[in-house]
Amino acid sequence: MTLDPQTAYASRLETRRAEAHALERRDSKLSLARGVVGVIGLVAALTMSSSRPVAIAVFGGSLLAFFALIVIHERVARHLARARRRVAFFDGALSRTRGEWAGKGEPGTRFLDPAHPNAIDLDLFGRGSLYERICVARTHAGQDRLASWLKSGASIEVLKARQAAGAEVGVRVDLREDLFVLGAEARRAVDSTSLLDWLTAPPVPIPARLRVAAFGSSVAAFISAAAWALDVWDGFPFRVAFIAVLVCTWFGRVFSREVLTGIGRPVHDLQTLTELFDRLGAERFEAPRLVELRESLAAEGVPPARPIAQLRRWLEIHESKSNVFFGVLSFFMVWDLQLAGAVEAWRRRFGAPAALWLSTLGEMEALVSLGTYAFENPGDPYPTFEVFGPFFHADGISHPLLPASRAVANDVRLDGQSQMLVVTGSNMSGKSTLLRTVGINAVLALSGAPVRAASLRLSPLAVGASIRVQDSLQDGESRFYAEIKRVRQVLDLASGPIPALFLMDEIFDGTNSAERRVGAEAVVRSLLERKAIGLVTSHDLALAEIAVSLAPNAANVHFEDHLEG
């Protein structure tokens, strides 16, 4: 298979459109056939009488044909819906490769946290964000997992495992397509949080003696009813058994209600995910992390589909209680209590594995998102990692959300000897963009994704930024006070176990030059003492003296200007 993403996507898109058009034509023909058969049946019904057996036969045949066409049409409609989702998958993929993705994907706005040390500053979430560019997950589990990776780093071993897994799954376009199509229904229907809460909820203790008594009462009721009907016994044993069933139902009502109330939603959610579990279980992988995830889907020795199907069958039987005959039968079976016991036994055995299935699905979708990004950006390399830090050496680094024609690449060196760069330059020269470029590529690297650079070597880093600081009328905070709080957060981050990468744009811009110079120097000196590395930008050339006073750990750099025309 060619590794050119546009060629790979375009050829498949043409095939999927042809398949969708063929199904659309078949769908139209079936709609027409249903209409014709309906008209024939209606005419036969209007002309039907006891003296016209032919009309009766035509009406009966039309009725059977009409119901058969409904079944066939529904199947074709399902195939057509999936074919259209396959077209949408490749349409979206081609849009991403052309840079036309902003506003068309999942923005992840719900993950925005004003207290996060870099999410708002680096445009991690929201319209046109890094998350929208990367995320192709269709379930909440996958979206949540990817967001957590972007918001916090991982160990070098974990990151290398993600790189290997992403590189393998990225080129498996067929798998990614299937997960997108199957996950579309799950995205609309499945509430991962409530499902996980149900799977991991504390067990409801149902007295074993009560279930035994209920079973014995049911057996006695059926036997005594049969004996009474055959005149073997009189009605007294049946009445005793009836009272026993009534007593068991009364004492079991609390347990039954606690277990069965709201069970329909989690069971339906699990059933919706079954096809996704089956698709992942059928794939064969080589990357160690992908192999581990696939094996976790059969942790209990059985694939997820079988126990989920059992739970679904119980629910379907339970919902049949509206039928009068089954309603009477279920009363004598003490059905609610027995079903509650069976559901609790299922949850004790499969609750933890099912939670693991959901976690596995989430991680697989997050890896698919990273792999898709890698496949669609074949020129972006995976970073390499240094065990000892702080360390950030980048060659030709640029912003991954900017078009290549507009992005300006720079080299950046930060480590234990050269800890800080003070960046000066005129308005619109690119100072803030440089800070965001360094930060967003660090986030990509520390999530397991490729980076937009010729090469990048870095150590694990905690990224803290003060770039997009806002005042707050509701909280009664000025912009300066909001910046003070963010700077305090970055200092606290630098005091942690992982070396910090700080990015500060126009530090203390809200105060006079003299106080700004003193305050900025105190902050950056404290950061360097904590072994942090980073960049500080400023229009104020007086701040350039900070780098001189902190040499050789700090240096001044400047963006050049050209006046053209």
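Because the structure is predicted, anything quoted here is derived from the model rather than measured.
With Glu365 contributing its side chain and Val136 its backbone, the two residues share no donor-acceptor pair below 3.5 Å. In terms of modelled atom types and a separation under 3.5 Å, the side chain of Asp27 and the main chain of Leu23 share no donor-acceptor contact. Side-chain N or O atoms of Gln271 include none that pairs as donor or acceptor with a backbone N or O of Arg312 at under 3.5 Å. Judged by distance alone, the side chain of Arg17 and the main-chain N or O of Val87 form no donor-acceptor pair under 3.5 Å. Judged by distance alone, the side chain of Ser296 and the main-chain N or O of Leu293 form a donor-acceptor pair under 3.5 Å. The closest donor-acceptor contact from the side chain of Lys431 to the backbone of Gly425 lies under 3.5 Å. Checked by atom type and distance alone, the side chain of Arg294 pairs as donor or acceptor with a backbone atom of Gly281 at under 3.5 Å. In this structure, Asp123 contributes its side chain and Leu130 its backbone to no donor-acceptor pair below 3.5 Å. A donor-acceptor pair is defined here as one N or O able to donate and one able to accept, closer than 3.5 Å; no such pair exists between the side chain of Gln6 and the backbone of Leu94. A donor-acceptor pair is defined here as one N or O able to donate and one able to accept, closer than 3.5 Å; such a pair exists between the side chain of Thr537 and the backbone of Glu506.
Scanning all heavy atoms of the two residues, the minimum distance from Ala137 to Gly142 falls at CB-C, 3.7 Å. Between Asp121 and Arg436, the shortest heavy-atom contact is O-NE, 3.1 Å. Closest of all the heavy-atom pairs between Leu501 and Gly534 is CD1-CA, 4.0 Å. Nearest heavy-atom pair across Pro460 and Ile498 is O-CG2, 3.5 Å. The two residues Gly371 and Val169 come nearest to each other via the heavy atoms CA-CG1, 4.2 Å. For the residue pair Ile120 and Pro114, the shortest heavy atom distance occurs at CD1-CA, 3.8 Å.
Around the NZ atom of Lys151, the shell of radius 6.0 Å holds more than 12 heavy atoms that belong to other residues, nucleotides or ligands. Glu100 CD: more than 12 foreign heavy atoms inside a 6.0 Å radius. The environment of Glu286 atom CD is sparse: at most 12 non-hydrogen atoms of other residues, nucleotides or ligands sit within 6.0 angstrom.
Looking at Arg84 and Asp91, no side-chain N of the basic residue comes within less than 4.0 Å of a carboxylate O on the acidic one, giving no salt bridge. In summary, Glu483 and Arg486 do not engage in a salt bridge, as defined by a charged side-chain N under 4.0 Å from a carboxylate O.
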Exercise. Run the numbers on Ile263 and Trp198 for side-chain contact (heavy atoms from CB on, under 4.5 Å), then give the verdict.
Key: CA-CA 9 Å; Ile263 188 180; Trp198 181 79; 4.1 Å; yes

Exercise. For the pair Arg145 and Ser359, evaluate side-chain hydrogen bond (donor to acceptor under 3.5 Å, both in side chains) and give the outcome as yes or no after the intermediate values.
Key: CA-CA 9 Å; Arg145 183 63 63 91; Ser359 175; 2.8 Å; yes

Self-check item: Audit row: Asp178, Phe89, side-chain contact (heavy atoms from CB on, under 4.5 Å) steps and yes/no
Solution: CA-CA 9 Å; Asp178 289 343; Phe89 170 78; over 6 Å; no

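The cationic group of Arg133 does not satisfy the cation-pi geometry with Tyr373, failing either the under 6.0 Å distance to the six-membered ring centre or the 45° limit from the ring axis. A cation-pi arrangement is absent between Arg530 and Phe502, since the terminal nitrogen or guanidinium carbon is not both under 6.0 Å from the aromatic centre and inside a 45° cone about the axis.
Here Val408 pairs with Asn410 under the side-chain contact (heavy atoms from CB on, under 4.5 Å) rule; sequence neighbours left out. Shown here are the salt bridge (Lys or Arg N to Asp or Glu O under 4.0 Å) partners of Asp492, two or more places apart in sequence or in another chain: Arg488.
Ser129 OG to Leu112 CG: the interatomic distance, rounded to the nearest 0.5 Å, is 8.0 Å. In this structure, CG in Leu175 is found 5.0 Å from CZ in Arg279, a value given to the nearest 0.5 Å.
No side-chain donor from either of Ser447 and Arg162 sits under 3.5 Å from a side-chain acceptor of the other.
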Residues 385-397 side chain polar contacts: donor-acceptor under 3.5 Å, at least two apart:
| unit_1 | atom_1 | unit_2 | atom_2 | d |
| --- | --- | --- | --- | --- |
| Glu386 | OE2 | Arg457 | NE | 3.4 |
| His393 | NE2 | Asp415 | OD2 | 2.8 |
| Asp395 | OD1 | Arg413 | NH1 | 2.8 |
| Asp395 | OD1 | Arg413 | NH2 | 2.7 |
| Asp395 | OD2 | Ser455 | OG | 3.2 |

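Among the candidates Val412, Val557, Asp505, Leu503, the single residue satisfying the side chain to side chain contact (heavy atoms under 4.5 Å, CB included) test with Leu434 is Val412.
A 4.5 Å side-chain heavy-atom check between Leu280 and Glu283 finds every atom pair outside the cut-off.
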